[in-house]
Amino acid sequence: MILQMRTEGIHHITAIVGNPQENVDFYAGILGLRMVKKTVNFDDPGTYHLYFGNEEGSPGTIMTFFPWPNAYKGQAGSGQVGITSFSVPVGSMPFWEDRLEKFHVNSEHITRFGEDYLVFEDPHGLQLELVEREDGQTSRWSYGGVPAEFAIKGFGGAVLLSGNPKATEDVLSQVLGLTKIGEDGEFARFKARGNLGNIIDVKLTSLSPGSIGVGTVHHIAWRAEDFEDHEKWREYVQQAGYGVTPIRDRQYFNAIYFRERGGILFEIATDPPGFTRDETADKMGSSLLLPPWLEPRRQEIQSRLLPAEARVLKEDTL
Ligand code: ZN
């Protein structure tokens, strides 16, 4: 029997989007994140897997995408992450409001748990929000029109839409070791022990089930400290009665997956080895990287992929 384990918080969130260049232009060009890795979906090498984050691509900052240019649009609903929250430095909200307006991205303010959120969608309909937080190291990455002092620090957290909110509350507190810190209207708030990706809100009313597709989150991954901790997590999740996958080598981290009882796909991912495993820190994201087992198929894989280059947008060069 393993004693209660506690994750630091979100490791990464993975979503399905449309055209890859539109995806890069939004997350690198407009939001100013660093594209820290350009690779393919290891389970479907005809599709990119694009990773964005802070300068180092630290766990807790990594938003990843499977761009499916010709796929159906999904529908956000229960059994999914409904909103992905990014944390920005205190005092930077006016900058972000102006910036979204400059790029014709509609946004609105909402309040949850007394915090002001700026809510908007990416070009493929994915629900996002920005919140000012003291927690978390300020990013050192500046890109295009986003100076480091205003840059996204990483995840603030996420809003989970559950098919069974009580069960989702239980998995967060009893399995992942988050602490419930309150309720506000139709949300319960949980806090993990890390300082980024650490605030998780569960919507307490159940919506109709979501459908996976463009503009929806595929899964949310939680942090494990290292490979040894990861093996413990696997045993722990299994003991808690969840069907969990074997450990999979995702090149930049090891991963296990299980579906919680509210229908949301959870992953637990290791902090190491990280994104400098196969390219130096200064070159991260600049070329297509393949794991050793796909390298022999590079030419065939590359010929099927559309362009996806990080570039400063013209609005930022005027
Ligand atoms: Zn993942």
Side-chain angles (χ1 to χ4, degrees), residues 7-17 20 23 27 33 35-45 47-54 56-68 71 74 79-86 122 126 128 154-155 157-158 160 171-172 175-176 192 194 196-198 200 210 212-227 229-231 233-234 237 242-260 262-275 277-278 284-285 289-291 293-294:
T7 181
E8 293 262 329
I10 299 170
H11 182 284
H12 65 270
I13 291 178
T14 297
I16 296 163
V17 292
N23 176 250
Y27 288 89
L33 295 173
M35 183 160 75
V36 293
K37 195 64 64 180
K38 178 157 76 167
T39 184
V40 293
N41 180 347
F42 298 164
D43 298 329
D44 172 20
T47 306
Y48 277 120
H49 194 179
L50 304 177
Y51 290 77
F52 298 85
N54 68 355
E56 296 90 7
S58 312
T61 77
I62 310 158
M63 185 78 196
T64 98
F65 298 96
F66 297 133
W68 294 350
Q80 291 180 356
V81 172
I83 311 176
T84 299
S85 311
F86 291 107
D122 86 354
L126 191 71
L128 306 172
F155 294 116
L160 307 185
V171 74
L172 291 177
V175 179
L176 294 171
L196 280 175
N198 57 338
I200 307 300
I212 194 91
V214 170
T216 61
V217 169
H218 186 265
H219 64 267
I220 181 167
W222 308 95
R223 293 174 66 180
E225 282 167 30
D226 53 30
F227 298 125
D229 188 45
H230 198 233
E231 286 181 16
W233 271 110
R234 186 170 183 280
V237 169
Y242 294 86
V244 59
T245 66
I247 292 174
R248 295 192 183 143
D249 177 0
R250 295 311 193 192
Q251 182 74 354
Y252 310 108
F253 46 83
N254 277 359
I256 54 171
Y257 304 85
F258 65 101
R259 200 171 288 280
E260 58 86 36
I264 306 166
L265 184 58
F266 278 7
E267 173 182 342
I268 297 176
T270 54
D271 282 4
F275 296 98
R277 181 178 183 175
D278 56 2
M284 287 197 313
L289 269 292
L290 297 175
W293 64 91
L294 289 175

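Start at 1 and go down the list; that is how both ligands and their atoms are numbered. Throughout, residue positions are numbered sequentially from 1 according to the sequence presented.
Not one N/O/S atom of H218, from backbone or side chain, sits under 2.8 Å from the Zn ion (ligand 1). Under 2.8 Å from the Zn ion (ligand 1) lies no N/O/S atom of H11, from backbone or side chain alike.
Taking the six-membered ring for Trp, H12 and F253 have ring centres closer than 6.0 Å.
The side chain to side chain contact (heavy atoms under 4.5 Å, CB included) test with T61 is passed by exactly one of L33, N54, I10: N54.
At a cut-off of 3.5 Å, with distance as the only test, no side-chain donor of T39 or H49 sits close to an acceptor on the other residue.
Geometry note: the Zn ion (ligand 1) is the vertex, H12 NE2 and H219 NE2 are the arms, and the angle is 120° (rounded to 10 degrees).
Shortest distance from the Zn ion (ligand 1) to E267 is reached at OE1 (N/O/S atoms only).
Scanning both residues, E260 and Y242, for their nearest heavy atoms gives CA-CE2, 3.9 Å.
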